[in-house]
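What follows is a set of notes on a single structure, which appears directly below.
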Amino acid sequence: MIQSELVNRIAAQNPRLYQRDIEHLVNAILGTIEAALCRGDRVEIRGFGVFSTRKRRAYTGRNPATSAVVVVKQKSAPFFRAGKEMHQRLNPPEASPEGA
């Protein structure tokens with residue numbers, strides 16, 4: 001799902017709200033999460049998951065076109081860990097077979 005699809009679904013579920021207002025809200029939420037990650041903070045949404053950053057170490061790579069050695073600097077990468085409730089919604093417990 002892309003951001004515009006998310007806005008459209010929320011608008012369909014809430015016909016009393018203007019789509020442009022929903023778009024502003026979605027942008028504000030995502031912008032706040034992005035700003036927190038840029039500061040190195042962690043964002044936890046109960047029942048959904050945790051957004052954080054992880055450091056990727058520096059390494060030497062190789063340009064496949066020229067075979068030249070390239071130094072890749074250390075960088076931060078976004079990381080998402082699903083919460084317990086999200087795991088349960090994605091992986092519902094299987095029903096036990098009857099008579100077993």
Side-chain angles (χ1 to χ4, degrees):
M1 175 183 296
I2 59 174
Q3 187 172 341
S4 60
E5 291 173 350
L6 176 63
V7 170
N8 289 336
R9 283 193 184 185
I10 294 172
Q13 293 173 357
N14 299 284
R16 66 194 177 284
L17 299 175
Y18 292 113
Q19 186 166 347
R20 68 176 179 270
D21 293 338
I22 295 170
E23 190 170 344
H24 289 304
L25 287 171
V26 169
N27 287 334
I29 292 168
L30 297 177
T32 304
I33 292 172
E34 180 183 351
L37 293 176
C38 288
R39 288 191 309 267
D41 293 343
R42 175 179 181 251
V43 178
E44 180 177 343
I45 302 173
R46 298 274 176 177
F48 184 72
V50 178
F51 296 92
S52 61
T53 57
R54 291 204 173 161
K55 298 284 185 191
R56 290 196 180 164
R57 63 179 176 78
Y59 64 93
T60 55
R62 188 168 298 276
N63 182 338
T66 63
S67 296
V69 174
V70 179
V71 176
V72 179
K73 296 179 183 178
Q74 176 180 334
K75 57 180 107 176
S76 295
F79 180 75
F80 175 76
R81 180 171 173 247
K84 182 179 177 182
E85 292 177 25
M86 176 66 77
H87 275 288
Q88 290 173 346
R89 284 189 294 243
L90 293 174
N91 302 300
E94 296 181 25
S96 60
E98 304 223 16

May I ask you to test the [X]-[Y] pair for a side-chain heavy-atom distance under 4.5 Å?
X	Y	result
Arg62	Val70	no
Gln19	Asn8	yes
Glu44	Arg46	yes

Following the transitive rule for hydrophobic clusters with a side-chain heavy-atom cut-off under 4.5 Å over Ile, Leu, Val, Met, Phe, Trp and Tyr, establish whether [X] and [Y] coincide in one cluster.
X	Y	result
Val26	Met1	yes
Leu90	Phe80	yes
Val50	Ile33	no
Phe48	Val43	yes
Ile22	Leu6	yes

Looking only at heavy atoms, what is the nearest atom pair of [X] and [Y], with distance?
X	Y	answer
Phe51	Ile45	CE1-CD1, 4.1 Å
Ser52	Arg42	CB-CG, 4.4 Å
Ala12	Pro15	O-CD, 3.9 Å

Quiz item: Is it true that a side-chain atom of Gln13 and a backbone atom of Ile10 form a donor plus acceptor pair closer than 3.5 Å?
Solution: no

Quiz item: Taking Asn63 for the side chain and Ala65 for the main chain, is one N or O donor matched with an acceptor at less than 3.5 Å?
Solution: yes

Which value, rounded to the nearest 0.5 Å, describes the distance between [X] atom [atom1] and [Y] atom [atom2]?
X	Y	atom1	atom2	value
Arg56	Ser76	CZ	OG	10.0 Å
Lys75	Thr53	NZ	OG1	14.0 Å
Asn14	Leu25	CG	CG	10.0 Å

